[in-house]
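Atom set for the values below is all heavy atoms of this structure, side chains included, hydrogens, waters and symmetry mates excluded. When a residue number appears, it is its place in the shown sequence, counting from 1.
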Amino acid sequence: MGATQKIWTAMDVAASQAKQNNSNSTVDESIPHSPLSVDSALSFSVMAPRVIELCKDLFGKWAKLNDSCFSVETVSGGITNLLLKVSVKEENGDTVAVTVRLYGPNTEYVINRERELQAIKYLSAAGFGAKLLGVFGNGMVQSFINARTLTPSDMRKPKLAAEIAKQLRRFHQVEIPGSKEPQLWVDIFKFFEKASTLQFEDIDKQRIYEKISFKELHKEVTQLTELTGLLNAPVVFAHNDLLSGNLMLNDEHDKLYFIDFEYGSYNYRGFDIGNHFNEYAGYDCDYSLYPSKDEQHHFFRHYLQPEKPYEVSEKDLEALYVETNTFMLASHLYWALWALIQARMSPIDFDYLGYFFLRYNEYKKQKEMCFTLAQSHLSGYGTA
Ligand SMILES: Nc1ncnc2c1ncn2[C@@H]1O[C@H](COP(=O)(O)OP(=O)(O)OP(=O)(O)O)[C@@H](O)[C@H]1O
């Protein structure tokens, strides 16, 4: 969904097993670590010298530089992650820029950082995102990406949509060690457990919350689990949060970057694509902006056969259309339940309860059409 605070169910990544299975020799295991932490709640003027000290501790070549060779600025952030840019004038006169990400307090219990770091190593070795340069007590240092963040309307531009599709295909081909079990329903049922037993101190929020029928919601989740189970859908390593804020473009070099792998996991390919299409709605959640069938086909052609997009068969296009638009419903349920938990847990001032209703109502609006589409496809009739 892309709001700042992220809720993550602590799924077992089997890190030790992952290390044993580690067969990708291109992964750099020599990433520097520092035990230092920098409190993200400090004022900027107190924090900046500590960030410089941290950089010196992590990277030996900077240890002897005078502090005046460093400049620190804020890229983005609030109470959760704080992203800083550190520019360093090196001895040879070159200036190098890195990002320093400080995890906010309490994020470690909602985000599985070990799993995120594991994925970053492999994804960055495959050329995705910023390069991981160092890890410290409460954050990480990555390369600074010289690019602009996309807007929702950028994502549907045919040239960019084709590039996103092509890169998503490559992303889905990356192999990350560890369990390959799709996490979608594991997450959704864990979210459901938590979301259905909340208590709000705020009376108004409690009243709104009590209007939700968890019996009905549970039925919806179960029905959709059963339906998607019939699709025999491919499982891939998915980004799971491919919204415009997580896509960056260097216009000069025509280079597109996927960033922010906090939600990455093995998951259904259709979920990743359907979730991305839901993000065409933008920050105002205007679902009338969901891509048309033609726009989806354009994306699928470049996803399925980037080298020969116009040779993709109608049959393959239709199958991926059905898969994506069935899992698109799951994306609504996933973020709806996530928002309920956020409404209770997040310190961020955002109308998460309102967001629950936006996503759940859109699910209900689309349900019949998507179920009919999937059922007729499964029964062999397909659609016109
Ligand atoms: N390595 C980088 N280089 C340059 N800019 C970056 C880099 N990583 C992130 N950004 C910028 O910072 C913004 C926030 O980054 P990111 O999504 O990773 O942080 P976040 O704290 O997880 O935010 P959110 O929760 O809103 O997704 C991005 O939209 C992008 O504009």
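Contact annotation: the side chain of Glu201 never approaches that of Gln206 to less than 4.5 Å [non-hydrogen atoms, C-beta and beyond]. The closest side-chain heavy-atom distance from Thr149 to Leu247 is not below 4.5 Å. Using a 4.5 Å heavy-atom cutoff, the side chains of Thr228 and Phe271 are not in contact. At a threshold of 4.5 Å between non-hydrogen side-chain atoms, the residues Glu295 and Phe277 do not count as touching.
A salt bridge does not link Lys215 with Glu220: every distance from a Lys NZ or Arg NE/NH1/NH2 to an Asp or Glu carboxylate oxygen is 4.0 Å or more. A salt bridge links Lys159 to Asp254: at least one charged side-chain nitrogen sits closer than 4.0 Å to a carboxylate oxygen. Checked for salt-bridge contact, Lys61 and Glu91 miss the test: no charged N lies under 4.0 Å from a carboxylate O. The existence of a salt bridge linking Arg207 and Glu210 is excluded, since no basic side-chain nitrogen approaches an acidic carboxylate oxygen closer than 4.0 Å. With salt bridges taken as basic N to acidic carboxylate O contacts below 4.0 Å, one links Glu216 and Lys364. A salt bridge links Lys56 with Asp67: the distance from a Lys NZ or Arg NE/NH1/NH2 to an Asp or Glu carboxylate oxygen falls below 4.0 Å. Look at Arg148 and Asp154 and you find a salt bridge, because one of the NZ, NE, NH1 or NH2 atoms lies within 4.0 Å of a carboxylate O, short of that distance.
Tyr303 has its ring centre less than 6.0 Å from the ring centre of His172. Residues Tyr280 and Tyr287 place their aromatic rings such that the two centres sit no closer than 6.0 Å.
Glu368 CD: 12 or fewer foreign heavy atoms inside a 6.0 Å radius. Sparse packing is recorded around CZ of Arg50, with 12 or fewer heavy atoms of other residues, nucleotides or ligands lying under 6.0 Å away. A 6.0 Å sphere centred on NZ of Lys157 holds more than 12 heavy atoms belonging to other residues, nucleotides or ligands. For Asp284, the CG atom is loosely surrounded, since the number of other residues' heavy atoms within 6.0 Å does not exceed 12. Within 6.0 Å of NZ in Lys367 there are more than 12 heavy atoms belonging to other residues, nucleotides or ligands.
Listed here is the closest heavy atom pair of Cys285 and Tyr355: SG-CE1, 3.6 Å. Shortest non-hydrogen contact noted between Tyr363 and Leu224 is CE1-CD2, 4.1 Å. Scanning both residues, Pro177 and Gln118, for their nearest heavy atoms gives O-NE2, 3.4 Å. Shortest non-hydrogen contact noted between Gly245 and Ile259 is O-CD1, 3.9 Å. Shortest non-hydrogen contact noted between Tyr283 and Ser244 is OH-OG, 3.7 Å. The shortest heavy-atom contact between Glu193 and Ser196 is O-OG, 3.2 Å.
A perpendicular orientation is assigned to the rings of Phe70 and Trp62, their planes being inclined by more than 60° (bins at 30° and 60°). Ring-plane geometry between Phe214 and Tyr209 is classed as tilted, the angle between the planes lying from 30 to 60 degrees on a 0 to 90 degree scale. Using the six-membered ring where Trp is involved, Phe192 and His218 have ring planes that are perpendicular, over 60° apart on the 30 and 60° scheme. Classification of the Trp185-Phe189 ring pair by plane angle, with boundaries at 30° and 60°, yields tilted.
Side-chain contact of Ser292 with Asp294: a donor-acceptor pair under 3.5 Å is absent, judged by distance alone. The closest side-chain donor-acceptor pair between Tyr268 and Asn275, if any, does not fall under 3.5 angstrom.
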Test salt bridge (Lys or Arg N to Asp or Glu O under 4.0 Å) applied to Glu116 and Arg113, step by step: CA-CA 5 Å; Glu116 185 194 3; Arg113 295 294 181 190; 2.8 Å; yes

Asn250/Asn146 under side chain to side chain donor-acceptor pair (under 3.5 Å): CA gap, chis, key distance, verdict: CA-CA 6 Å; Asn250 179 311; Asn146 265 314; over 6 Å; no

Side chain to side chain donor-acceptor pair (under 3.5 Å) assessment of Tyr360 paired with Trp335: CA-CA 9 Å; Tyr360 192 37; Trp335 294 112; over 6 Å; no

Candidate pair Arg169 and Gln173, rule side chain to side chain contact (heavy atoms under 4.5 Å, CB included), full reasoning: CA-CA 6 Å; Arg169 176 189 180 82; Gln173 287 167 341; 3.6 Å; yes

Test side chain to side chain donor-acceptor pair (under 3.5 Å) applied to Arg359 and Ser331, step by step: CA-CA 9 Å; Arg359 300 298 302 246; Ser331 149; 3.1 Å; yes

Pair Leu320-Arg269, side chain to side chain contact (heavy atoms under 4.5 Å, CB included): steps then yes or no: CA-CA 10 Å; Leu320 190 49; Arg269 153 183 99 164; 3.7 Å; yes

Steps toward side chain to side chain contact (heavy atoms under 4.5 Å, CB included) verdict (Glu262, Asp241): CA-CA 8 Å; Glu262 280 175 332; Asp241 194 18; 6.0 Å; no

Stepwise side chain to side chain donor-acceptor pair (under 3.5 Å) check, Asp286 with Ser288: CA-CA 5 Å; Asp286 177 359; Ser288 69; 2.5 Å; yes

Worked check of salt bridge (Lys or Arg N to Asp or Glu O under 4.0 Å) between Glu311 and Arg301: CA-CA 8 Å; Glu311 289 182 18; Arg301 286 181 188 285; over 6 Å; no

Worked check of side chain to side chain contact (heavy atoms under 4.5 Å, CB included) between Asp272 and Asn240: CA-CA 5 Å; Asp272 218 10; Asn240 294 326; 4.1 Å; yes

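Atom CG of Leu378 is separated from atom CG of Asn232 by 10.0 Å, given to the nearest 0.5 angstrom. The NZ atom of Lys166 sits 13.5 Å away from the CG atom of Leu168 when rounded to the nearest 0.5 Å. Note: Gln167 CD to Glu163 CD = 5.0 Å, rounded to the nearest 0.5 Å. From Leu82, atom CG reaches atom OG1 of Thr99 across 11.0 Å, with rounding to the nearest 0.5 Å. One distance of note links CD of Gln296 with OG1 of Thr324; it measures 6.5 Å at 0.5 Å rounding. Between the CD atom in Glu318 and the CZ atom in Phe300 there is a gap of 9.5 Å [rounded to 0.5 Å].
Residues Phe327 and Val236 are members of separate hydrophobic clusters, defined by side-chain heavy-atom contacts under 4.5 angstrom among Ile, Leu, Val, Met, Phe, Trp and Tyr. Linking ILVMFWY side-chain heavy atoms closer than 4.5 Å, directly or via other members, places Leu256 and Ile145 in two distinct hydrophobic clusters. Linking Ile, Leu, Val, Met, Phe, Trp and Tyr residues whenever their side-chain heavy atoms come within less than 4.5 Å places Leu42 and Leu84 in a single cluster. Val46 and Leu54 fall within the same hydrophobic cluster, defined by Ile, Leu, Val, Met, Phe, Trp and Tyr side-chain heavy atoms under 4.5 Å apart, directly or through other members. Using a 4.5 Å cut-off between side-chain heavy atoms of Ile, Leu, Val, Met, Phe, Trp and Tyr, with links allowed through other members, Leu65 and Val141 fall into the same hydrophobic cluster.
Of the candidates Tyr122, Tyr257, Phe237, Phe171, Phe128 forms a ring pair (Phe, Tyr, Trp, His ring centres under 6.0 Å) with just one, namely Phe171.
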